[in-house]
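These notes concern the structure reproduced below.
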Number of protein chains: 2
Amino acid sequence: MTVVFNERNKCSSCPIRHRAVCARCDDDELALLEQIKVYRSFEAGQPIHWRGDELTHFSSLVSGIAALTKTMEDGRTQMVGLLLPSDFVGRPGRDTVDFDVTATSDVTLCCFKRQPFEEIVEATPHVAQRMMEMALDELDAARDWMVLLGRKTAREKIATFLEMLVRRSHVENMSIPAIDLPLTREEIANFLGLTLETVSRQMSALKKEGVVSFPDRRHFEVLDLAALHDATGDDADGGMIV
Amino acid sequence: MTVVFNERNKCSSCPIRHRAVCARCDDDELALLEQIKVYRSFEAGQPIHWRGDELTHFSSLVSGIAALTKTMEDGRTQMVGLLLPSDFVGRPGRDTVDFDVTATSDVTLCCFKRQPFEEIVEATPHVAQRMMEMALDELDAARDWMVLLGRKTAREKIATFLEMLVRRSHVENMSIPAIDLPLTREEIANFLGLTLETVSRQMSALKKEGVVSFPDRRHFEVLDLAALHDATGDDADGGMIV
DNA sequence: CATGGTGTTTGATCTGCATCAATGCGGGCT
DNA sequence: AGCCCGCATTGATGCAGATCAAACACCATG
């Protein structure tokens, strides 16, 4: 399971770094987690996990971006999840996943060996509960995503995607900083069920309209947040949870 | 959470009817569940639950079909889940859902009052574990669905949908019985991210090719299972879990 | 048996996005 | 500097599926 990024997942004070696992753990439990913890690094583009392979670790993303993708026989691929720092990968009770996990930028993971981790999950209700909470968050995100894929126009898809990035980057100051655009055009296309050309065209259109600007390929700034939101097709408070 | 229909969810011997809840419960736990159980009926087309309303019950579907849908401001709607008999609705730890639940045929639900049910979930690890298992099944289904919505052609969508119904109806004898087609063309369209006209056209095409036949609006027969599978775009053993 | 209503099929046309193709841009290398 | 290579943009064209519109099947009801 992967999990949405939001404030409540963060836990900067903890060695394991993620409230997902540790917020309510006592010292003994934390010590246990420390024992089975191991860091792993991946370069941009490197596969983290192949579809169908045994999942030997649960892990949480410390830095970088990773993508969950499914690919059809003929090569069409669809992203089915996007991992940002503090997101979690793992499926209690399952030992495989049927999608690929790939690092789209340099990634470091904090991994927990599967078996001991599952024992902790089973033994401590609050951890099990947290895992359930994360699974449900993920499910909500997947459902919003389904609306996007099934019913939104290319323009709406792009606007929704950019707005999601704005929300996830939760900018405190209102100084319109450049926001990280962590994927290539092709990856964005696979995320949104489009082609890279359409992604590029729609971004150009939004730029021409003065809604956003792109200082470079890997960043963007929102110039008119209201206009961006209008373009998403979402109602006032709704939108993707991802 | 809703959950996929498959054999392991069924539990015909049990009063609550669903292994989802009861398979590993002892007599005391079953008695407890019996106490908080109440049946509710809905007519075809009737709303079971509105988006945002408080979820007062967990329930499992005893008979009929229900759909989870999300609707955009301008009326575009996308189905994000389909409930068949033995499927489960409920989200441990959450009290609302952000989609509508509607009966698409006459429906009876076996409902459990929320609070006592959650207490049971918290107290009995194997029930909590089963809930997690169901959430993950659902997540897998949602992800397959995302590939369908984002990357498949209309023809592939229809074929995948029909094949899913075949799988879920798990026909024992090979006598090609008429399989239930539990949705209107419009509902199928909302399921697949298409228009009803396109659904109708693609079904006609498959009929003309001798892949399937439609004895009436609400049933179909598979004449050439291999051809149907070829049309899905899935590889040999893959496909939707739903 | 006509009547109306709902859901379905089929046809004609339009259009948004995919596809094919060329050009542009920036960053790393020799 | 000059070159290349990966990625991005932009243009021209085609097509799958949407949209608009009409006919049709089925069922209930008077």
Side-chain angles (χ1 to χ4, degrees), chain A residues 43-46 65 67 72 74-78 104-105 148-162 178 180-209 212-220 231 233, chain B residues 43-45 65 67 72 74-78 104-105 148-162 180-209 212-220 231 233:
Chain A
E43 286 174 22
Q46 211 181 340
I65 312 280
M72 296 172 64
D74 62 2
R76 283 175 282 178
T77 91
Q78 174 65 52
T104 62
S105 69
L148 177 146
L149 291 171
R151 292 301 184 199
K152 288 195 176 180
T153 64
R155 180 186 169 84
E156 288 169 339
K157 287 177 176 181
I158 295 291
T160 305
F161 174 65
L162 293 178
D180 216 54
L181 195 54
L183 304 173
T184 66
R185 299 292 182 266
E186 186 175 13
E187 287 162 343
I188 296 170
N190 287 338
F191 188 103
L192 300 173
L194 298 170
T195 59
L196 62 135
E197 294 95 328
T198 300
V199 169
S200 181
R201 270 184 249 275
Q202 295 297 335
M203 284 184 160
S204 297
L206 288 174
K207 186 171 89 179
K208 196 169 294 175
E209 292 167 32
V212 292
S213 67
F214 297 92
D216 63 68
R217 277 148 219 257
R218 289 298 215 161
H219 295 86
F220 73 102
Chain B
E43 285 173 24
I65 312 281
M72 295 172 65
D74 61 2
R76 283 175 283 177
T77 90
Q78 174 65 52
T104 61
S105 67
L148 178 146
L149 291 171
R151 290 303 184 199
K152 288 195 175 179
T153 64
R155 180 187 170 84
E156 289 169 339
K157 287 177 175 180
I158 295 292
T160 306
F161 174 65
L162 294 178
D180 216 56
L181 195 54
L183 303 174
T184 66
R185 299 291 181 266
E186 186 175 14
E187 287 162 343
I188 296 171
N190 287 338
F191 187 102
L192 300 173
L194 298 170
T195 59
L196 64 142
E197 294 95 329
T198 300
V199 170
S200 180
R201 270 185 249 275
Q202 295 297 335
M203 284 184 161
S204 298
L206 288 173
K207 186 171 92 181
K208 196 169 295 175
E209 292 168 32
V212 293
S213 67
F214 297 91
D216 65 69
R217 277 146 220 260
R218 288 298 214 161
H219 295 86
F220 73 103

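Reminder, nothing fancy here: chain letters follow the sequence lines and each chain counts from 1.
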Could you tell me how far apart B:Leu196 (CG) and C:dT9 (P) are, to the nearest whole angstrom? 9 Å
Note the angle between the end axes of the helix from C:dC1-D:dG30 to C:dT30-D:dA1, five pairs defining each, rounded to 10 degrees. 20°
Tell me: CZ of B:Phe214 to P of C:dT9, nearest whole Å? 8 Å
B:Ile188 CD1 to C:dG7 P, in whole Å, measures 13 Å
Give the rounded distance in Å between these two atoms: CE of A:Met203 and C1' of D:dT9. 12 Å
Please answer whether the main-chain N or O of B:Leu196 pairs with a side-chain N or O of B:Arg201 as donor and acceptor at a distance below 3.5 Å. no
Whole angstrom is fine here: how far is it from CG in B:Asp216 over to C1' in C:dT8? 12 Å
If you define the side chain from C-beta out and look only at heavy atoms, does anything of A:Met72 sit under 4.5 Å from A:Thr77? no
Might you list the N or O atoms of the protein lying below 3.5 Å from N or O atoms in nucleotides 15-19 of chain D, with each pair's distance?
from   : atom 1 : to       : atom 2 : distance (Å)
D:dG17 : OP1    : B:Ala154 : N      : 2.7
D:dA18 : OP2    : B:Thr195 : N      : 3.4
D:dA18 : OP2    : B:Thr195 : OG1    : 3.0
D:dA18 : OP2    : B:Thr198 : OG1    : 2.4
D:dT19 : O4     : B:Arg201 : NH2    : 2.9

Are OP1 or OP2 of C:dT9 and a side-chain N or O of B:Arg185 less than 4.0 angstrom apart? yes
Measuring only between side-chain heavy atoms, which start at C-beta, is B:Thr198 closer than 4.5 Å to B:Lys157? no
May I have the distance from A:Arg218 (atom CZ) to C:dG26 (atom P), rounded to whole angstrom? 16 Å
Matching residue for A:Phe161 among A:Val199, A:Leu148, A:Leu181 - test: side chain to side chain contact (heavy atoms under 4.5 Å, CB included): A:Leu181
CD (A:Glu186) with more than 12 external heavy atoms under 6.0 Å: no
Figure out the CG/C1' separation between B:Leu181 and C:dT9, and round it to whole Å. 15 Å
For residues B:Met203 and B:Ile188, determine if any side-chain heavy atom of one lies less than 4.5 Å from a side-chain heavy atom of the other. yes
Could you tell me how far apart A:Asp74 (CG) and C:dT19 (C1') are, to the nearest whole angstrom? 15 Å
Counting C-beta onward and ignoring hydrogens, is there a side-chain heavy-atom pair between B:Leu162 and B:Gln202 closer than 4.5 Å? no
Taking A:Thr104 for its side chain and A:Ala67 for its backbone only, find out whether a donor-acceptor pair lies under 3.5 Å. no
Could you walk me through whether B:Leu206 and B:Phe220 pass the side chain to side chain contact (heavy atoms under 4.5 Å, CB included) test, one step at a time? CA-CA 11 Å; B:Leu206 288 173; B:Phe220 73 103; over 6 Å; no
Go through D:dT9, C:dT10, D:dA8 for me and flag the one nearest to the B:Ser200 side chain. C:dT10
